[in-house]
Amino acid sequence: MDRKTFRKYGHAIVDWIADYMDHIEKYPVLAQVEPGEIADRLPKAPPEEPEEMEAIFNDFKGIVLPGMTHWQHPSFFAYFPANTSEPSILAEFITAALGAQCMVWQTSPAATELEEVVMDWLRQMLRLPEGFSGVIQDTASTSTLCALLCARERATSFAINEHGFRDGSSQRLVVYTSEEAHSSVEKGVKIAGFGKDNLCFIPSGADFAMIPEELEKAIDADRKDGHTPCCVVATVGTTSSTSMDPLRPIGEICDHYGLWLHVDAAMAGTAAMLPEMRHILDGIEFADSFVFNPHKWLFTNFDCSAYFCKDPKALTSTFEILPEYLKTDADRQVKNFRDWGIPLGRRFRALKLWFVIRSFGIRGIQQKVRAHIKLAKEFASWIREDPHFEVMAPVTINLVCFRYHPSHRTLSEEGLEQINKALMDELNRSGKMFITHTKLKGKFSLRLCIGQTNTTREHVQRAWEQLQAYAAHL
Ligand SMILES: *Cc1c(COP(=O)(O)O)cnc(C)c1O
């Protein structure tokens, strides 16, 4: 592609993006396609000859776009958000243009130093303890895996990095998390070699939060059996219901028994930037590591996961490698983020975070997040007022778990599941909104999460009207 064509399509694509954002509500939120439909419309073999940008861009619009689910549609209420914003998109353009590999300081000093600075901004915005150091990882799953590996190495004085697990003879290292924890904890436990048998699920209470007394009981029992309690993963804002594990009592237990405490606040972390919500991180000073995702609820497009640790030496001692070809004169004076995570290669992700924080300001971020939380509370109040619907879990931040429960019909749990699944599927097929489900203590629940950048009261109100209207026809 010559530079002239690049300019032409660069401008055309920016215009297309702005139009897309202006008219996003024309699109169905959930892609209305069948499995295989998109692949069937694409050539099976790569092109031998160069193709014109015109043809490529047209096929993007004609073939790819209909197969997209629109995460930036303000009626996207599914899962957790992965929101974005104009400044984030602009910074991604530049990151792509620079095409830099930010693995060590020398490979782009500004990338390393900007990352240090914006991560410390985030630390201040969350009021994390001063000693915490931050690094950007790709996802919360990776961040949690890093924490588990650090916990494993600290507990064994780096013996497993050195010698590997030895069958039979090695001690059993146990990881504890609540039964409501994200699946990435189990995945990390498997990858880090603890083995699923050594992941202990702690029961949660009626509020779906981990019961600290149960944690302590489990640790005691494992110690009596000669096992080695190693790590606790606590969740601030579980994926099913945004329940909040109480960090202070859990932290005190970890402190007492010398366990690594990792806190997974993948989505909910952002809420702690509001003074009135900071209590969700009460006790965070006990944590050895903490993760939250700006790519979920901080207007920064995927991927951008903020990982903080109390003792960076534990992290670098776990991950450090120094082949001859990566040695530089600056090594003694600078951070080399290559040693702060799993991959060697690193994207320049700090740039979009810097663009976002500067262009929103703390106040702008707080306004949006506060509005989302208020809308969730309001939506929950509408549910509570309707005798045919019920709220299924405490509404702690921006997620409402609920279900249709018609008061004039006697339905079994199974019947309620069927009718709610039908309601969800029909609404999602309409393309007007997108919600997902979970099970809470075995009960099928619908989830409506408010976090897309441009969601307003109108969108939430319309969602409620559609829920009521569709339910009435079931
Ligand atoms: C979304 C989520 C994750 C996984 O996040 P990724 O960045 O996609 O790996 C982990 N934990 C919790 C609580 C989450 O909500």
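First listed ligand is number 1; within each ligand, the first listed atom is number 1.
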Margin query: With heavy-atom distances below 4.0 Å as the criterion, list the atoms of ligand 1 near Lys296.
Written below: 1 (C), 2 (C), 3 (C), 4 (C), 5 (O), 14 (C), 15 (O)
Next item on the list: Write out the residue and atom name of the closest protein heavy atom to atom 7 (O) of ligand 1, then the distance separating them to 0.1 Å.
Entry: Ala140 N, 2.8 Å
Next item on the list: Determine whether any heavy atom of Ser305 lies closer than 4.0 Å to an atom of ligand 1.
Entry: no
Check: When you check the gap from the basic side-chain N to the acidic O, do Glu413 and Arg403 get nearer than 4.0 Å?
Finding: yes
Note to self: Between Lys217 and Asp220 (salt bridge meaning N to carboxylate O under 4.0 Å), is one present in this structure?
What the structure shows: no
Sequence neighbours left out, cut at 3.5 Å: what donor-acceptor pairs do the side chains of residues 189-204 make with other protein atoms?
{"from": "Asn198", "atom 1": "OD1", "to": "Arg172", "atom 2": "NE", "distance (Å)": "2.7"}
{"from": "Asn198", "atom 1": "OD1", "to": "Arg172", "atom 2": "NH2", "distance (Å)": "2.8"}
{"from": "Asn198", "atom 1": "ND2", "to": "Phe194", "atom 2": "O", "distance (Å)": "2.7"}
{"from": "Ser204", "atom 1": "OG", "to": "Glu179", "atom 2": "OE2", "distance (Å)": "2.7"}
{"from": "Ser204", "atom 1": "OG", "to": "Lys441", "atom 2": "NZ", "distance (Å)": "2.9"}

Check: For the rings on His437 and Phe444, is their centre-to-centre separation under 6.0 Å?
Finding: yes
Note to self: Below a 4.0 angstrom heavy-atom separation, can you tell me which part of Asp264, side chain or backbone, both or neither, approaches ligand 1?
What the structure shows: side chain
Notebook entry, point to check: At what distance is the nearest protein heavy atom to atom 9 (O) of ligand 1, and which residue and atom is it?
Noted result: Ser141 OG, 2.5 Å
Note to self: Quick check against the 3.5 Å criterion: does Thr144 have a side-chain atom that pairs as donor or acceptor with the backbone of Ala140?
What the structure shows: yes
Check: Is the number of heavy atoms from other residues, nucleotides or ligands within 6.0 Å of NZ (Lys377) greater than 12?
Finding: yes
Check: Which of the atoms in ligand 1, numbered in the order shown and given with their element, are less than 4.0 Å from a heavy-atom of Phe80?
Finding: 15 (O)
Next item on the list: For Asn293 and ligand 1, answer yes if some heavy atom of the residue is under 4.0 Å from a ligand atom, otherwise no.
Entry: yes
Notebook entry, point to check: Is the shortest distance from a Lys or Arg side-chain nitrogen in Glu115 or Lys335 to a carboxylate oxygen in the other one below 4.0 Å?
Noted result: no
Next item on the list: Sort and list the pairs that fulfil salt bridge (Lys or Arg N to Asp or Glu O under 4.0 Å) and have at least one residue in residues 278-307, not counting sequence neighbours.
Entry: Arg154-Asp288, Arg248-Asp282, Arg248-Glu285, Asp303-Arg347, Asp303-Arg349
Margin query: Applying a heavy-atom cut-off of 4.0 Å, say which part of Ser184 lies close to ligand 1: side chain, backbone, both or neither.
Written below: side chain
Checklist line | Atoms in ligand 1 flagged as close to His295, the criterion being non-hydrogen separation under 4.0 Å | finding: 7 (O)
Check: Near Gly237, which atoms of ligand 1 are under 4.0 Å from a heavy atom of that residue?
Finding: 13 (C)
Check: Which ligand 1 atoms are under 4.0 Å away from a heavy-atom of Thr239?
Finding: 12 (C), 13 (C), 14 (C), 15 (O)
Check: Nearest heavy atom to atom 4 (C) of ligand 1: which of Lys187, Gln137, Glu180, His182 does it belong to?
Finding: His182
